**Student:** 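Following this message is one structure expressed as structure tokens.
Model, not experiment: these values are computed from the prediction.
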Amino acid sequence: GKFGLGFKSVFLLSDQPTVKSGRLAFTVKGGVYPVTPDEMHVKKMRAYLDRVVAPELQDATLTELPLLDQEVAEATFDHFSNLAPFALAFTRALRQLHLRRGQVSRHHWWKEQAVAPGITVMTLQGGSEDWHGLALHSPDFKLLLPLGARGFGKLDSDVPNLWVTAPTAEKLGLPFLLHAAFPLDTGRAQLARSEAGLTELVEQLRPALQTALEHLLDLERGGELKSRLGWPAKAKVDLPTALWQVLALPLGREDSNPAF
């Protein structure tokens, strides 16, 4: 994390969060002061884990948030539920998510199929229908393009385009998601308005992205692209044109550049 904002954000919902992880437990009071919860409280948290997780996960980390406002909490849960499945695509190791609200439980997970160096087909399962995406990636970034039945698909306008593992608030109307070490403002919701910082990041990412695009074009020249991406053999897809339409043209719009 950075600045502890990931944890501090829980104070928007609760003024006394309690965390139990393995044999350790603490309650944060006043936003800064950790105290040890009483044993009865810890036993209740252990009992909850007994009910909802497998035996091998009894030492899992559990965060308890006594809610300040039920309506705000429900709206936050809905927002989290919509975005968290995409966040799994950008985490280092997590690829599954269980969401439970009352008696209703949902399970989301990603399946990944590597098709070439730096290119992976990703399928999000667990929703009303599967979501398919093409990921171009390196250790420094992941560019996720929605896949449709006969070409690149569309992205819900409510999903932020720029991610630093967690979503930013940058909803730019672009047809892709991009995860990288973007320079962020103090609140980690928007990009820092630093042209120099963004230019440096772009130069850092460009070689690996270029290599991934070259591998993608090699698949098309070898006649393997459509089968690897799940497109019908008769689908008329001109890859250079399609990539230009989803990557270059949207970035040419003046309102799509968050740095200026």
Side-chain angles (χ1 to χ4, degrees), residues 74-101 104-139 141-180 182 209 212-213 215-216 219-220 224-239 241-251 256:
E74 290 180 357
T76 302
F77 184 85
D78 289 337
H79 184 63
F80 177 83
S81 300
N82 290 335
L83 297 185
F86 288 103
L88 293 178
F90 303 131
T91 56
R92 288 191 179 95
L94 295 177
R95 288 294 181 268
Q96 297 190 52
L97 171 70
H98 291 267
L99 293 171
R100 183 189 298 269
R101 173 184 265 175
V104 180
S105 179
R106 290 190 293 166
H107 179 204
H108 298 280
W109 66 97
W110 283 96
K111 293 181 64 176
E112 302 179 54
Q113 180 182 4
V115 297
I119 303 173
T120 302
V121 172
M122 304 188 66
T123 303
L124 175 62
Q125 299 181 312
S128 56
E129 58 183 27
D130 291 349
W131 190 95
H132 303 280
L134 174 67
L136 308 180
H137 55 87
S138 78
F141 79 93
K142 181 175 283 185
L143 175 67
L144 190 57
L145 296 161
L147 287 176
R150 294 176 175 270
F152 293 110
K154 296 182 178 180
L155 188 66
D156 192 321
S157 60
D158 288 334
V159 179
N161 293 108
L162 304 183
W163 295 62
V164 187
T165 303
T168 68
E170 300 284 6
K171 299 178 182 179
L172 307 173
L174 301 171
F176 58 81
L177 306 179
L178 179 59
H179 165 257
F182 290 107
L209 178 57
L213 289 171
H215 286 310
L216 196 62
L219 288 175
E220 184 187 45
E224 302 177 62
L225 180 69
K226 294 176 184 177
S227 62
R228 295 292 188 93
L229 302 190
W231 292 338
K234 295 182 179 180
K236 296 181 179 180
V237 180
D238 180 65
L239 184 61
T241 300
L243 289 172
W244 179 263
Q245 291 173 343
V246 298
L247 295 179
L249 289 183
L251 290 173
S256 297

**Student:** Is F176 close to L143 at the side-chain level, that is, under 4.5 Å between some pair of heavy atoms?
**Tutor:** yes
**Student:** How many angstroms lie between CZ in F77 and CZ in R100, if you round to the nearest 0.5 Å?
**Tutor:** 10.5 Å
**Student:** State, to 0.1 Å, how close A212 and L136 come at their nearest heavy-atom pair, and which atoms those are.
**Tutor:** CB-CB, 4.2 Å
**Student:** Considering residues at least two apart in sequence or located in another chain, which fulfil the side chain to side chain contact (heavy atoms under 4.5 Å, CB included) criterion with A84?
**Tutor:** F80, L97
**Student:** If I take atom CD from residue E74 and atom OG from residue S81, how far apart are they, to the nearest 0.5 angstrom?
**Tutor:** 11.5 Å
**Student:** Could you tell me which non-hydrogen atom of V237 sits nearest to which non-hydrogen atom of A242, and how far apart they are?
**Tutor:** CG1-CB, 4.5 Å
**Student:** Which of parallel (below 30°), tilted (30 to 60°) and perpendicular (above 60°) describes F86 and W131?
**Tutor:** perpendicular
**Student:** In Å, rounded to the nearest 0.5 Å, how long is the span from CG of L83 to CG of D78?
**Tutor:** 11.0 Å
**Student:** Considering residues at least two apart in sequence or located in another chain, which fulfil the side chain to side chain contact (heavy atoms under 4.5 Å, CB included) criterion with T168?
**Tutor:** L162, V164, E170, L184
**Student:** Distance from M122 atom CE to K142 atom NZ, nearest 0.5 Å?
**Tutor:** 4.0 Å
**Student:** With a 4.5 Å cut-off on side-chain heavy atoms, are F90 and L177 touching?
**Tutor:** yes
**Student:** Go through the structure and list residues passing side-chain hydrogen bond (donor to acceptor under 3.5 Å, both in side chains) with H107, not counting sequence neighbours.
**Tutor:** Q96
**Student:** Is a side-chain N or O of N161 found less than 3.5 angstrom from the main chain of G173, in a donor-acceptor match?
**Tutor:** yes
**Student:** Which residues satisfy the side chain to side chain contact (heavy atoms under 4.5 Å, CB included) test with E224, sequence neighbours excluded?
**Tutor:** L219, R228
**Student:** On a heavy-atom basis, which atom in L134 and which in L147 lie closest, and how many Å separate them?
**Tutor:** N-CG, 3.7 Å
**Student:** List for me each residue that meets side chain to side chain contact (heavy atoms under 4.5 Å, CB included) alongside D130, sequence neighbours excluded, and say none if there are none.
**Tutor:** T123, Q125, H132
**Student:** Please find the pair of heavy atoms, one from L155 and one from L174, that lie closest to each other, and give the distance.
**Tutor:** CD2-O, 3.7 Å
**Student:** For P232 versus A149, what's the shortest heavy-atom pair and its separation?
**Tutor:** CD-O, 3.1 Å
**Student:** Output the distance between atom CG (L243) and atom CG (D238), rounded to the nearest 0.5 Å.
**Tutor:** 9.0 Å
**Student:** For H215 and P117, work out which heavy atoms get closest and say how close.
**Tutor:** CD2-O, 3.3 Å
**Student:** Output the distance between atom NZ (K171) and atom CG (D156), rounded to the nearest 0.5 Å.
**Tutor:** 9.0 Å
**Student:** Side chains of F152 and L247, heavy atoms from C-beta outward: is any pair under 4.5 Å?
**Tutor:** no
**Student:** Per the salt bridge (Lys or Arg N to Asp or Glu O under 4.0 Å) rule, what does the pair list look like for residues 81-98, sequence neighbours excluded?
**Tutor:** R95-E112
